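See structure below.
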Amino acid sequence: MPPDTPEPAGASRVAIELIDIRKAFGASDDQTTYAVDRMNLKIRAGEFFTFLGPSGCGKTTTLRMIAGFEEPTSGRLLLDGKEVTGVPAHQRNVNTVFQSYALFPHLNVGENVGFGLSVKGVAKEEIRQRVKAALESVHMAHAIVRKPSALSGGQQQRVALARALVNRPSVLLLDEPFGALDLKLRREMQMEVKEMQRRLGITFIFVTHDQEEALTMSDRIAVMSNGVIQQVGGPVEIYEQPANRFTAGFIGDMNLVEARVTGRSGDRLALDAAGSRFDLQSDLALQPGDRCTLAIRPEALHFVDGDAGPPIRFSGTLSEAVYIGTDTVYGLALADDSRLQARVRNSRDRSIPQTGEPGVVACAPSAIRILTQ
Amino acid sequence: MRKMLALYVPAATLLGYVFLFAPLLVLVIYAFNGGRSTVVWEGFSLAWFAEALVDRGLRAGLQVSVIVAIASAVLATAIGTSAALAVVKRPFAGKNLFSTLVIAPLVLPEIVLAVGLLVATVWTGVPLGYGTLIAGHVLVSIPFSFLIVRAAASGLDPRLDEAAADLGANGRQIFVRVTLPLLLPAILSAFLLCAVISFDNFVVSTFVSGVGSTPLPIQIYAMLKTGLTPKINALGAMLIAVNVLVILVVMGRYLKTIRKPS
């Protein structure tokens with residue numbers, strides 16, 4: 001279960017609240033599987049909130065329930081404090097930017113952007129002005145009479161953004177909006193969208209499987225797996241203090257080492273991990289004999305020679321070395337056949353052994369996070 | 001040996017084309033014949049075209065055919081489009097059975113449909129005339145409008161409906177502003193094809209047309225019995241011209257829709 005995230009002091013208005021939301025699929029009498037299971041979540045107004053997880057984790061289903069394209073099997077959904085469960089999509093004050101953009105192919109750019117205002121019966125002159133302003137804000141005013149098919153992917157993305165934002169929604173939903181863009185363009189759009197969100201102060205709810213994208217853009221991230229939120233927190237918290245094995249393994253590169261508690265005295269645990277024995281400070285309620293997992297970032301590990309250096313050591317055989325530019329990633333096969341990755345800045349350091357030779361890596365106690373679930 | 005084979009394919013193709021189009025070509029050529037014969041060339045003339053256009057029987061038949069073609073095409077396109085949209089966009093039980101039944105008239109022998117239709121009209125006491133003729137033509141053209149619109153509708157991105165709803169459009173607005181404009185080329189193609197099918201129809205027409213509502217094909221067939229003149233060739237040439245035009249429009253639109261990048 002996800003731990004409670006402390007609300008920051010002076011917590012602002014809640015934009016969206018999900019209460020015990022479940023969404024069943026492939027339901028049969030004896031076995032029901034849930035795309036989203038018992039989700040409880042509060043998203044604050046003005047927040048850039050991201051659902052992050054691998055495909056099939058339920059993040060898009062969650063977004064589609066907020067948009068109103070799908071109804072939860074059970075649970076309640078509150079938008080600006082008002083219950084919207086059962087309210088159809090066209091009556092919700094949220095707008096969506098689709099992964100495939102979903103621009104209307106028979107309408108030109110201006111008509112696409114003006115669609116939402118037009119169906120709501122806004123006066124023609126006001127539509128004209130707001131469409132123009134919205135397109136200018138995404139630098140697409142020059143393309144107002146062009147058809148979507150004449151635009152590049154990035155340009156279509158901008159138009160899709162303008163089409164959603166021109167309606168001044170209280171919440172903007174973005175479903176993997178940069179999935180189809182190449183890396184450089186994606187970076188540009190990330191910056192631009194983040195900047196736009198700061199400027200407009202609208203709640204953005206973002207869905208992505210790209211952890212780097214989530215970390216760089218979000219105020220808070222919900223890491224999801226198998227329809228369940230694994231952890232909710234800010235990017236730094238998610239990266240540095242993963243709550244469980246899933247989050248630890250999903251966000252960035254991480255060594256997960258199985259360990260056994262061999263003793264306890266006060267707040268110090270004696271551990272045995274892959275043949276290494278050492279003490280760690282911990283307030284977790286672990287007893288001798290319990291099993292746990294140690295999470296260590298590859299960049300926290302260094303090769304050591306002799307007794308100098310950090311106290312926690314793992315020895316094994318160097319099985320591979322992969323050069324990745326500034327760094328080299330080394331694979332170390334430990335005594336119990338598990339493997340450790342160490343990411344080391346390239347230098348003229350001769351202390352690093354050759355592939356096939358024995359080696360010792362070490363890290364500071366503070367670099368290790370003990371996980372029990 | 002290999003050379004013989006290399007010649008065989010184009011030769012067979014050519015023969016096939018000759019078999020298909022030679023009769024039509026002869027028919028069109030003799031439409032311009034100066035004499036009364038449909039087999040002996042007696043000089044160039046446009047007289048038979050004039051004759052065909054002033055013939056009262058043919059003109060009456062043409063009028064019936066055009067009215068029935070337009071009316072039945074409108075109805076068949078509307079019904080076929082509704083059925084296609086239901087099948088593509090809405091979940092309901094028995095969808096496959098429903099689709100099969102809609103296109104059943106395509107595979108059933110038309111003569112059976114025609115007899116059935118006649119029996120039904122006799123039973124219900126509906127007088128034979130425009131009504132029965134239009135109903136019969138609607139019956140045989142629904143499968144075509146259904147198949148054409150269904151193909152186009154299933155090619156539409158379902159996200160477009162969601163995007164429209166997301167932007168505040170209700171069901172009617174989505175239909176009028178998104179679905180209908182996007183399907184319009186297909187609906188027009190369906191309409192034209194249904195009109196042509198009705199215009200050409202012979203079997204059903206034979207059974208359910210009444211006095212005063214004899215469509216053109218049956219009128220022509222009746223004329224054949226009293227003697228063949230190039231008047232019929234002239235009429236045939238004009239019908240071919242109209243049909244080819246319609247088919248070209250339909251095909252052109254169809255090719256455009258399937259070539260459009262998704």
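Source: prediction; values computed, not measured.
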[X] and [Y]: which non-hydrogen atoms are nearest, and at how many Å?
| X | Y | value |
| --- | --- | --- |
| A:S100 | B:R159 | OG-CG, 4.0 Å |
| A:A102 | B:A163 | O-CB, 3.8 Å |
| A:T96 | B:D166 | N-OD2, 2.5 Å |

Exercise. Would a distance-only check, ignoring hydrogens and angles, find a side-chain to backbone donor-acceptor pair under 3.5 Å from A:H106 to B:R177?
Worked result: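 Judged by distance alone, yes, a pair lies under 3.5 Å.
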Exercise. Does a sphere of radius 6.0 Å around CZ in A:R199 hold more than 12 heavy atoms from other residues, nucleotides or ligands, not counting ones at 6.0 Å or beyond?
Worked result: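 It does: A:R199 CZ has more than 12 such atoms within range.
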Problem set entry | Crowding at NZ, A:K132 (>12 non-hydrogen neighbours, <6.0 Å) |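 At most 12 heavy atoms, drawn from other residues, nucleotides or ligands, come within 6.0 Å of this atom.
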Exercise. Can you tell if the side chain of B:L160 reaches within under 4.5 Å of the side chain of A:P105, non-hydrogen atoms only?
Worked result: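 B:L160 reaches A:P105 side chain to side chain.
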Exercise. So do A:F104 and B:L182 actually touch side chain to side chain, heavy atoms under 4.5 Å?
Worked result: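 Sidechains of A:F104 and B:L182: no contact.
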For this session: Select one option (side chain, backbone, both, neither) describing which atoms of A:L103 are under 4.5 Å from chain B's heavy atoms.
Result: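 Just its backbone gets close to chain B.
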For this session: Answer with side chain, backbone, both or neither: which region of A:R64 has an atom nearer than 4.5 Å to a non-hydrogen atom of chain B?
Result: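 For A:R64, side-chain heavy atoms alone lie under 4.5 Å from chain B.
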For this session: Using a cut-off of under 4.5 Å on heavy-atom pairs, state which of B:I174, B:L184, B:N170 scores highest against chain A.
Result: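 Highest number of heavy-atom pairs under 4.5 Å: B:N170.
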Problem set entry | Top contributor to chain A contacts, counting heavy-atom pairs under 4.5 Å, from B:P181, B:G171, B:A164 |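 Between B:P181, B:G171, B:A164, the count favours B:A164.
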For this session: Side chain from CB out, backbone as N, CA, C, O: work out which of these in B:D157 comes under 4.5 Å of a heavy atom of chain A, or both, or neither.
Result: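 Side chain only.
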For this session: Please flag which part of B:E162 lies under 4.5 Å from any non-hydrogen atom of chain A: side chain, backbone, both or neither.
Result: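 Answer is both: backbone and side chain atoms of B:E162 are under 4.5 Å from chain A.
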Exercise. Which of the residues A:V97, A:N95, A:N93, A:L117 is involved in the greatest number of heavy-atom pairs with chain B at under 4.5 angstrom?
Worked result: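 If we count pairs closer than 4.5 Å to chain B, A:N95 comes out on top.
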